Every structure is written in C-alpha cells, then in structure tokens.
Amino acid sequence: MSIVGPETAAWFERAYASLVNGVSSGWRYWGRHDTLVIARGEGAHVYDSDGKRYIDYHCGFGPIILGHADPKVAAAVTEAVSTGTTYAFTQEREIVAAETFKKAVPWVEKLRFTNTGTEATMHAIRLARGFTGRDVVVKFEGTYHGAHDYVMYSTPGKPVESMGSAYGPIPLPMSSGMPNTIGTLILTLPFNDVAAVRSLFADHGRRIAALVVEPMLGNAMGIQPAPGFLAELRALCDAEGSVLVFDEVKTGFRIATGGAAEVYGVVPDLGTFAKAMGNGVPVAAIAGRGEILEGWAKGGIVQAGTYSGNSIAAAAATATIGELLTGAPMARIATAGTAIMEGTSKILAAQGVPHSVQGQPGMFGFFLGEGSVSDYRATDGHDADLYERLVMAMIERGVMPSPDALEPWFLCSAISDDDVATTLEVFEESLKVALA
Ligand code: PMP
C-alpha cells in the first residue's frame with residue numbers, strides 16, 4: 001500500500017514535471033509513486049498535502065531542533081527579511097550571531113559564516129591544506145561531509161565488501177563525475193579502529209593536511225566514538241601537525257548546545273557547523289582556533305560567499321542559539337529522546353529482535369542485528385528489510401523516521417509527552433506487523 005494520498009500524489013506529479021525526479025536533493029526521492037509532498041510543519045509535526053499529520057523524526061535531516069515554524073525564529077527571520085538581506089558588507093546581525101555562537105561553543109576563538117554544510121567542509125579543507133602546505137585528507141568510512149568531490153568517498157550506502165582491509169582500506173568514490181586524480185588525495189579508515197589510524201599516521205603522517213571526522217556517526221546509525229578514540233585522533237594530529245576537523249554539521253547544536261566537544265571532552269582545531277544552528281534556515285560556519293582561521297586574513301587562502309552572513313541566516317542563528325542557551329530545549333530533548341531510546345529497545349527485546357540503539361537523545365539510530373556496532377563495516381549485519389517494513393508501517397500510522405537505518409532519528413524540543421507515548425505505541429504495533 002502506498003503511503004501517498006491523492007492530493008499528495010497530484011502535487012508530486014506536478015513536481016515530477018518540473019523538478020528532476022520531483023526533488024531538489026537526490027536523497028529525497030523515494031520513488032515515482034512513494035515520495036511525499038509536505039505542505040507545512042508545526043512543532044514536532046509535519047503535514048502532507050492530504051493534511052495527514054506525522055510525528056517528524058527526520059527534522060529535515062537534522063536542522064529542526066526547536067520545532068517546525070518555531071515562533072521565535074520565525075519572528076526574528078521575518079524582521080530581518082523586512083529590513084534588508086544582503087549588502088556586500090558586514091552587518092550588525094551577523095556580528096551578534098557570531099558572538100552568540102561563541103557563547104554556545106566556548107572553545108571557538110574565531111569563525112566565518114557560510115550557507116551550507118558542504119560549503120563549510122569545503123572551506124575547512126582548503127584552509128587546512130593552505131595552513132599545513134599538505135594535500136592529503138583522511139576521513140572515515142560511513143561518514144558524509146557534503147556533496148563536493150574532496151570528501152565523497154566511502155560514504156554511507158557504499159558496499160562494505162568493496163572497502164578492502166582495515167589496514168589498506170579502498171576509498172570508494174560516491175559518484176560518477178568525480179575526477180580520479182582527487183581520489184589520490186583521500187585516505188579512508190574504519191571508525192573507532194585506533195590501530196588502523198595509528199598505522200596510517202605512521203605511514204603518511206607528514207602528508208596529512210586534515211583528518212576530518214564526524215565525532216559520532218550521524219550518517220551511520222548514530223554510532224558512538226569508543227572511549228579514548230577522539231582523544232587518540234587529537235594526539236596523532238598534534239604529533240604530525242595535521243589539522244583535526246570535527247564535522248559538526250549534524251552534531252553541532254544538537255547532541256549538546258556546545259556540540260561534540262561538550263559531550264566527548266575533545267577539542268578539535270576546526271569545526272564545521274550548519275543544520276541545527278538555524279532551525280531550518282540555511283546557515284553554516286567554519287569555526288575554531290584563531291591561529292588557523294587567520295589564514296584567511298593573512299592572504300593567500302581564499303574564502304568567499306555572496307550570501308555568507310546574510311541577515312536572514314544571522315537572525316535565525318541568533319534566535320536558535322539564543323533559545324538553546326537557555327538550556328530548556330536540550331533538557332526536553334534529553335527526556336524525550338531517552339524515553340524513546342529505552343522504550344523502543346524494550347519493545348524490540350520483548351519481541352526477541354536482536355538489536356542495539358546507539359547515539360544521543362537528540363540523534364540516535366537502530367541496528368537490528370546481533371551485538372553492537374562500532375564502525376560502518378559492522379552495519380552490514382543489520383536487517384535492513386525488517387527495519388524498512390517496521391518504519392513503513394510506522395509512517396502509515398503517522399510516525400516518520402527514515403526507513404534507511406543509517407539515517408538516525410532526530411528529535412526537536414517541541415516534542416510532547418503525548419508524541420512520545422504515541423511513538424512507542426505505533427512502534428510496538430508496527431513491529432508486530434513487520435514481524436508477521
Ligand atoms: N556534513 C555532515 C556531517 C552532514 O550530515 C551533511 C549533510 N547531511 C553535510 C556535511 C552537508 O551539509 P549540506 O547538506 O548542508 O551541504
């Protein structure tokens with residue numbers, strides 16, 4: 001049975017006639033007759049074109065942290081847009097946004113705004129290369145750092161059996177159109193494998209400009225860093241003079257107001273932020289150690305963007321981060337997220353489904369298989385068919401995470417106790433349907 005109602009289907013036909021596959025970003029396409037069209041969002045809910053309500057655990061792939069159409073963010077953005085947007089000069093709202101950012105992420109000395117996570121990681125990598133005078137970038141299997149050619153290797157969804165051994169991983173390009181020569185500048189590693197990271201640094205240390213890592217795997221089931229793993233990355237980068245970049249596009253302003261450094265106690269050289277910092281309005285940043293970021297001021301390393309720091313983005317960031325700084329949104333997410341992580345785990349256990357639920361209350365994932373997962377390679381043991389049947393049954397019943405278990409569940413602080421209770425009821429019923 002399709003999840004798509006008649007009005008939604010009619011809108012999607014219109015979408016299909018003008019937009020390629022009816023979408024503006026490839027991963028939104030679920031098939032010609034199975035892709036939803038969303039008419040509006042409010043709080044923890046979205047409504048499709050038939051008016052059907054869903055408790056939303058996509059949260060836009062992560063940005064929605066306070067809830068859809070949050071009144072404070074909406075008011076700030078409305079005011080900003082009505083007084084001018086882009087000037088080719090620094091503007092007051094941008095300065096306030098930068099100050100607010102630094103309050104929330106206290107290890108950050110300097111930053112610059114961009115518009116998307118892709119832009120942020122692209123600039124962070126160029127900065128690291130310019131700062132170190134080296135070319136090689138190291139990333140982990142199952143991480144995603146944006147849609148530019150420098151990082152689209154061994155991304156989530158690529159086949160584990162083609163990745164080679166942990167000591168000689170094969171970087172797998174994600175797309176046609178990526179020049180082969182760029183693949184010579186990237187080295188990939190399994191996450192949480194300290195021995196493999198040490199061995200790679202022993203062989204290539206002085207060639208490595210940057211080690212880029214999602215501090216927890218926000219694109220692979222919410223896999224957590226093992227105790228000491230991030231500290232080991234810090235130590236190796238220090239020893240070899242490589243720039244440690246935390247890609248906080250998903251973790252930033254989500255797993256804690258201060259992001260991964262607050263949760264895991266390790267401070268990178270640079271952080272890339274986007275998504276939750278604007279509650280759905282496009283805004284991003286490259287932030288971190290002044291000494292490195294000043295590379296843009298000294299000349300010779302270029303960063304640019306017509307819309308970077310525009311008033312709409314800045315207003316959204318100030319309003320969102322300002323709200324997060326009250327502490328209330330994260331407290332709400334901690335309560336609701338913990339209840340869902342624990343409640344779903346109990347339901348799976350009661351039905352005899354081997355599983356683990358890993359992540360943080362604002363962003364967590366499900367592995368349906370024996371044992372636990374500590375890297376992307378281990379996600380191969382996940383029962384993707386069962387999970388998809390479960391989630392499609394949930395979506396039919398108005399609760400909407402992604403049917404791809406690599407993509408975590410995202411919570412916003414607008415979620416109510418009723419939403420949590422409904423989610424657990426629907427989860428239990430849907431699991432029975434999926435197992436039948
Ligand atoms: N880094 C991470 C960790 C991401 O999850 C994403 C997007 N999912 C990006 C970078 C790219 O961000 P954007 O889609 O805003 O370009």
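Bear in mind that the values here come from a model prediction, so they are computed numbers and not experimental data. Start at 1 and go down the list; that is how both ligands and their atoms are numbered.
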Taking distance alone, with no angle check, do N219 and ligand 1 share an N/O pair under 3.5 Å?
yes

Sub-4.0 Å heavy-atom approach of F61 to ligand 1
no

Identity and distance of the protein heavy atom lying nearest [atom]:
atom: atom 16 (O) of ligand 1; answer: T118 OG1, 2.5 Å
atom: atom 13 (P) of ligand 1; answer: G117 N, 3.5 Å
atom: atom 1 (N) of ligand 1; answer: D247 OD2, 2.7 Å
atom: atom 3 (C) of ligand 1; answer: Y144 O, 3.1 Å
atom: atom 8 (N) of ligand 1; answer: K275 NZ, 2.8 Å

Could you tell me if the side chain of M363 sits less than 4.5 Å from the side chain of M216, heavy atoms only?
yes

Compare all side-chain heavy atoms of L66 with those of L324 and state whether any distance is below 4.5 angstrom.
yes

Looking at K52 and E396, is any side-chain nitrogen of the basic one under 4.0 Å from a carboxylate oxygen of the acidic one?
no

Heavy-atom distances under 4.0 Å are what count here, so tell me which part of [X] touches ligand 1: side chain, backbone, both or neither.
X: H145; value: backbone
X: E119; value: neither
X: T143; value: neither

Under 3.5 Å, side chain of R377 to main-chain N/O of M163, donor-acceptor pair present?
yes

Hey, does the side chain of Q303 reach the backbone of W296 with a donor-acceptor pair shorter than 3.5 angstrom?
no

Under 3.5 Å, which donor-acceptor pairs link side chains of residues 327-335 to any protein atom two or more places apart or in another chain?
| residue | atom | partner | partner atom | Å |
| --- | --- | --- | --- | --- |
| R332 | NE | I415 | O | 2.8 |
| R332 | NH1 | D417 | OD1 | 3.4 |
| R332 | NH2 | I415 | O | 3.1 |
| R332 | NH2 | D417 | OD1 | 3.0 |
| T335 | OG1 | A331 | O | 3.1 |

All salt bridge (charged side-chain N to carboxylate O under 4.0 Å, His left out) counterparts of R40, not counting sequence neighbours:
E42

I'd like to check which ligand 1 atoms, numbered from 1 as shown, lie under 4.0 Å from a non-hydrogen atom of T116.
15 (O), 16 (O)

Would you tell me whether T143 and K139 have side-chain atoms, one donor and one acceptor, within less than 3.5 Å of each other?
yes

